[in-house]
There are 2 protein chains.
Amino acid sequence: MTRMHKENNLSKNQQIIFDLIDKSPEPLKAYTILYNVQKKGINAPPQVYRALDKLVEIGKIHKIESKNAFVACKNSDCEISKATAFSICESCEMVDEISDVKLSKYLSSFNHKKGMKFKRFNLEFFGLCKKCK
Amino acid sequence: MTRMHKENNLSKNQQIIFDLIDKSPEPLKAYTILYNVQKKGINAPPQVYRALDKLVEIGKIHKIESKNAFVACKNSDCEISKATAFSICESCEMVDEISDVKLSKYLSSFNHKKGMKFKRFNLEFFGLCKKCK
DNA sequence: TACATACTGTTATATTATAACAATTCTAAC
DNA sequence: GTTAGAATTGTTATAATATAACAGTATGTA
Ligand SMILES: [Zn+2]
Ligand SMILES: [Zn+2]
Ligand SMILES: [Zn+2]
Ligand SMILES: [Zn+2]
């Protein structure tokens with residue numbers, strides 16, 4: 001008798017997977033997530049990927065494309081994942097979501113010369129974090 | 001008796017694969033590349049991935065992270081792939097490299113509050129191109 | 001209740017990428 | 001030209017990431 005977690009609109013699997021990602025200090029990969037939720041009855045890749053897809057869609061998590069890994073959204077601002085920016089340490093792999101209103105506004109209003117109107121962007125910065133440099 | 005193509009520093013496999021990507025109007029995936037160069041004697045994934053890695057490293061091509069696909073660099077500016085920006089149509093999958101000096105300068109000089117100094121960035125914009133909207 | 005929609009469970013498979021190792025070719029220095 | 005190191009190549013196998021397809025269950029609304 002699985003019950004939806006209506007208080008926040010997440011289903012059972014979505015909530016389990018979101019909680020795991022949200023608690024993690026670093027981005028999690030899909031199969032790492034799978035191994036960690038098997039004790040909770042989530043047994044197969046499609047269950048993980050479906051929850052991830054939905055969580056990305058509603059903006060609760062973001063995918064770090066260069067790492068095929070997922071982080072919880074730390075910004076109430078970046079609604080439904082339309083404007084994401086991350087700083088990524090090339091040494092320790094730390095990922096931090098950038099919340100910079102000026103940057104976000106600058107990019108959101110950027111228009112391509114060739115007449116394309118953008119609906120969404122993703123920006124990934126790479127360097128060395130404080131600890132690693 | 002394979003001979004290096006010293007005129008541009010690319011090895012035989014690198015040149016074959018670069019030429020294919022450079023001629024393509026759209027981003028190419030690694031296995032699409034593989035199928036297309038088998039007639040030229042490149043038979044296995046590692047041969048393709050090694051050439052791709054090198055071409056990315058020297059800035060002749062870029063990887064579109066959100067698509068796991070590769071495009072030739074159209075900018076003489078973005079040396080050794082340190083500052084890349086693309087516009088991607090979500091309908092027809094067209095990808096265009098953005099060459100905008102102001103954007104590039106703005107992002108290159110952007111510094112994270114948390115004390116991280118960036119060496120590189122990749123920006124991907126999504127929307128509908130002229131044809132598709 | 002009955003229906004539509006979203007979510008779940010499951011098996012199999014497709015796609016993307018790398019490990020490991022032996023051989024060859026290139027470059028620069030001797 | 002010989003030699004040694006670095007880069008590149010060829011090859012087999014396998015790892016890692018992601019989706020197709022289908023049957024079943026739960027939920028919200030009428
Ligand atoms: Zn966010
Ligand atoms: Zn670090
Ligand atoms: Zn470029
Ligand atoms: Zn289009």
Side-chain angles (χ1 to χ4, degrees), chain A residues 1-21 26-71 80 93 95, chain B residues 1-21 26-71 80 93 95:
Chain A
M1 195 219 286
T2 312
R3 171 164 279 99
M4 282 282 242
H5 296 227
K6 268 322 277 176
E7 59 284 3
N8 50 15
N9 287 316
L10 296 185
S11 73
K12 171 173 143 284
N13 288 1
Q14 289 159 16
Q15 188 70 55
I16 291 169
I17 287 173
F18 174 73
D19 287 343
L20 182 69
I21 297 172
E26 58 199 1
L28 293 179
K29 290 172 162 265
Y31 277 74
T32 304
I33 293 168
L34 177 56
Y35 300 141
N36 279 284
V37 296
Q38 285 183 327
K39 62 195 108 173
K40 303 220 172 177
I42 296 175
N43 303 301
Q47 296 175 288
V48 172
Y49 281 101
R50 282 189 298 228
L52 290 173
D53 286 349
K54 186 68 181 187
L55 290 167
V56 166
E57 185 191 326
I58 65 179
K60 299 283 287 181
I61 67 173
H62 303 302
K63 183 174 187 180
I64 309 300
E65 294 286 357
S66 61
K67 300 170 81 67
N68 298 317
F70 300 85
V71 294
I80 40 175
E93 312 265 289
V95 171
Chain B
M1 197 218 286
T2 311
R3 172 165 278 100
M4 281 282 243
H5 297 227
K6 266 323 283 176
E7 59 285 2
N8 50 17
N9 288 315
L10 297 185
S11 72
K12 172 174 143 281
N13 288 1
Q14 290 160 15
Q15 188 70 55
I16 291 168
I17 287 173
F18 175 73
D19 287 344
L20 183 69
I21 296 171
E26 58 199 1
L28 292 180
K29 290 173 162 264
Y31 278 74
T32 303
I33 292 168
L34 177 57
Y35 301 141
N36 279 284
V37 296
Q38 285 184 327
K39 62 195 108 171
K40 304 221 172 178
I42 297 175
N43 303 302
Q47 296 176 288
V48 172
Y49 280 101
R50 283 189 297 227
L52 290 173
D53 286 349
K54 186 70 180 183
L55 290 167
V56 166
E57 184 191 327
I58 64 179
K60 299 283 287 181
I61 66 172
H62 303 303
K63 182 174 187 181
I64 309 300
E65 294 286 359
S66 62
K67 301 170 80 69
N68 298 316
F70 300 84
V71 294
I80 40 175
E93 313 265 288
V95 170

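By convention in this document, chain letters (A, B, ...) are assigned in the order of the sequence lines, proteins followed by strands, and residues within each chain are numbered from 1. Bear in mind the structure is a predicted one, so any value in this text is a computation, not a measurement.
Within the 4.0 Å cut-off from OP1 or OP2 of C:dC7, not a single side-chain nitrogen or oxygen of A:N13 is found. A:S11 has no side-chain polar atom (N or O) that falls below the 4.0 Å cut-off from OP1 or OP2 of C:dA6.
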Original post:
Could you write nucleotides 15-22 of chain D as a row of B, S and -, 5' to 3', where a protein heavy atom under 4.0 Å of any base atom gives B, of only sugar-phosphate atoms gives S, and otherwise -?
Top reply: --BBBBB-

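For the pair A:L10 CG and D:dT27 C1', the interatomic distance rounds to 15 Å; values are reported in whole Å. Spacing between atom CG of A:N9 and atom C1' of C:dA6 amounts to 12 Å, rounded to whole angstrom units. Whole-Å rounding puts the B:Q14 CD to D:dT9 C1' distance at 11 Å. The separation between A:L55 atom CG and C:dA6 atom P is 16 Å, rounded to whole Å. Nucleotide C:dT16 holds its P atom 11 Å from the CD1 atom of B:I33, rounded to whole Å. With rounding to whole Å, A:K12 atom NZ is found 11 Å from D:dT27 atom P. Remark: C1' of D:dA6 and CD of B:E57 are 14 Å apart, rounded to the nearest angstrom. Between the C1' atom of C:dG9 and the CD1 atom of A:I42 lies a distance of 11 Å, rounded to the nearest Å.
For B:K67, the side-chain hydrogen bond (donor to acceptor under 3.5 Å, both in side chains) partners are B:E93, not counting sequence neighbours. For B:K54, there are no side-chain hydrogen bond (donor to acceptor under 3.5 Å, both in side chains) partners, not counting sequence neighbours. Here A:N43 pairs with nothing under the side-chain hydrogen bond (donor to acceptor under 3.5 Å, both in side chains) rule; sequence neighbours left out. Taking the salt bridge (charged side-chain N to carboxylate O under 4.0 Å, His left out) definition, one finds that A:E26 meets it with nothing, sequence neighbours left out. Under the rule for a side-chain hydrogen bond (donor to acceptor under 3.5 Å, both in side chains), the partners of A:D19 that lie at least two apart in sequence or sit in another chain are A:Q15.
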Subject >> side chain to side chain contact (heavy atoms under 4.5 Å, CB included) between A:I58 and A:N9, worked out >> reply: CA-CA 10 Å; A:I58 65 179; A:N9 287 316; over 6 Å; no

Original post:
Going through the checks in order, is the side chain to side chain contact (heavy atoms under 4.5 Å, CB included) test met by B:N68 and B:K63?
Top reply: CA-CA 7 Å; B:N68 298 316; B:K63 182 174 187 181; 3.9 Å; yes

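Nearest to the side-chain atoms of A:Q47 among the listed nucleotides D:dT11, C:dG9, D:dG10 stands C:dG9.
For the helix from C:dT1-D:dA30 to C:dC30-D:dG1, the end axes, each set by the C1' atoms of five terminal pairs, are bent relative to each other by 40° (nearest 10°).
Within the model, atoms CZ of B:F70 and CD1 of B:I64 stand 9.5 Å from one another, a figure rounded to the nearest 0.5 Å.
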Using distance only, find each side-chain donor-acceptor pair of residues 33-41 of chain B under 3.5 Å and give its atom names and separation, not counting sequence neighbours.
| residue | atom | partner | partner atom | Å |
| --- | --- | --- | --- | --- |
| B:N36 | ND2 | B:T32 | O | 2.7 |

